[in-house]
Amino acid sequence: MGFCTVRPLIAEEMSNWTERIIRKSEYCLLRLRRPAMTRIGLLLLLTLPSIALGAESRDSKVINDRADVLSAGRWTYNDLPKGFAEAKRTGKPLLVVLRCVP
Amino acid sequence: MACAAFDGQVVRHDTRIEDLLKKFVCVRLVQANDLDLTLFQFDFDLTFAVFFLNADRTIYGRFGSRSDQKNAEKEISLEGFRKALTGALELDKGYPKNKGILAGKQPLPVTMKRPEEYASLAGKYKPTIDYEGKPAASCMHCHQVREAERLSYREANKPIPDQALYPWPMPTVIGLTLDPKEKAKITEVAAGSVAAQAGFQAGDEIAMLNRQPIISTADVQWVLHNATGPTKLDAAVLRGGKSVNLQLALPNDWRVKSDIAWRATTWDLRRMALGGLVLKQDPATNMALRVDYVGQYGEHAMGKRAGFKKDDLIVKVDNETRPMMESEVFRLLLQSKSKGDKVPFTVVRGDEKVELTLPMQ
């Protein structure tokens, strides 16, 4: 992801977009040692494409997760009532995974 | 991505667990939107968590634990997961005769039945992910539930209770280190800890805790999460093939030593209590807290505006001079100070002491 992934694990855990943008901006600024105006200019140049790419990547992850899991046919996806109905029908217990994808 | 490797193994039905997964109806939920909080009560900072339950909504157990920011899979393993699956199937086999011992594993009454009932989340998310529009942005994350809960206290000018500040304590807080490859087998007991005082030994396998059958570290955490000190918890451990009964005495404030620095939700606590500062134990003194990071924007820059600088050593917070972890500073301030209160800090910067005042948010 380039320059702005200074602290990728922390950034990764931030799901709220506002917080993510603030964090990315902050960590990028921390790395810069230039006058304020230059910092802001560089910040915009460097973070916006990165954030845009990040957004694409996050959306893709969500979409691909659903597509991949559904195509494998082993999981009931985002449909708890269907899972309960299946458990009642088969007599099997349920295993529910709660997963934060993006 | 945190837990991605482990999640991938589970979702692909890895050959090491495939035979057991076939015995379950497998459901994958990837959103907290409209999540049933009357059923799904877990560590909301996790990015991967598992519930074992039956069609009657009776919970057999939970799986998924974390204690580290960088290594999200330190506390879990496929071997341990396999054992938890086996344990859940055994409990299912014994149902409903075992209903009595499962009672303590069931969800507790909650104030909010859905995340969207919290004021800070109301109206912001639809019940389902918008796959045709903005999937990621439309997905509510589990950690937002914990943040919303804390905000509800803060906005009402009420202290944030210990359970919300230090959720889902790891067993290390009471002195127990568990083997991630087992259900709940003890590898180490910290000398002088409450666990040591109770008689726990390395090699013991926790079979029952607080009259609940234990099939994972997360099950131990469930018991601890709901234990408000001072209290006593009965335990049964398997030691050398025999069952040994123990009693764990948890003192008041036992959970305060939980290190919550790794948690995503701690970011918002730092905003409220520290104006965006990140504090770490000073390696030189191991006593004072060092400012490791100063937030730069918005409410996370309150510390910066108050005059804090990176590497300041905090030696006094609101007349409190005892050594504290960052997690304890949150408690000190978020249980005694309201939004707008101004808290005096003393920091050492180079050779001089500097007095600063930090507004609470």
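Note: hydrogens, waters and symmetry copies are ignored here, and every other heavy atom, side chains too, is used. Sequence lines set the chain letters: A, B, ... in the order given, protein chains first and strands last, and positions in each chain run from 1.
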Practice item. List the steps and the verdict of side-chain hydrogen bond (donor to acceptor under 3.5 Å, both in side chains) for Tyr125(B) and Gln31(B). Key: CA-CA 11 Å; Tyr125(B) 293 92; Gln31(B) 60 178 56; over 6 Å; no
Point to revise | Cys142(B) SG to Asp43(B) CG distance, which is reported to the nearest 0.5 Å | key: 10.0 Å
Exercise for review: First locate atom CZ of Arg270(B), then atom OH of Tyr293(B), and finally report the distance between them rounded to the nearest 0.5 Å.
Suggested key: 10.5 Å
Out of [options], return the one with the most heavy atom pairs under 4.5 angstrom to chain A.
options	answer
Asn54(B), Leu85(B), Leu53(B), Asp45(B)	Leu53(B)
Asp92(B), Thr265(B), Leu39(B)	Asp92(B)
Phe63(B), Tyr95(B), Tyr131(B)	Tyr131(B)

Revision key, fill the gap. Turns out that what part of Asp65(A) lies under 4.5 Å from chain B's heavy atoms comes down to side chain
Which atoms of [X] approach chain A - backbone, side chain, both or neither, heavy atom under 4.5 Å:
X	value
Phe42(B)	side chain
Tyr60(B)	side chain
Leu35(B)	side chain
Arg271(B)	neither

Review point. With ring centroids as reference points, do Phe40(B) and Phe51(B) lie under 6.0 angstrom apart?
Key: yes
Exercise for review: Flag the pair Asp68(A) and Arg12(B) as a salt bridge only when some basic side-chain nitrogen lies within less than 4.0 angstrom of an acidic carboxylate oxygen.
Suggested key: no
Check your understanding: Under 4.0 Å between a Lys/Arg side-chain N and an Asp/Glu carboxylate O for Lys93(B) and Glu90(B)?
Key -> no
Point to revise | Interface residue of largest heavy-atom contact number with chain B, from Leu98(A), Leu80(A), Thr90(A), Asp79(A), under 4.5 Å | key: Leu98(A)
Review point. If you count heavy-atom pairs under 4.5 Å with chain B, which of Leu94(A), Val62(A), Val69(A) comes out on top?
Key: Leu94(A)
Review point. Taking the side chain from Glu326(B) and the backbone from Val278(B), do they hold a donor-acceptor pair closer than 3.5 Å?
Key: no
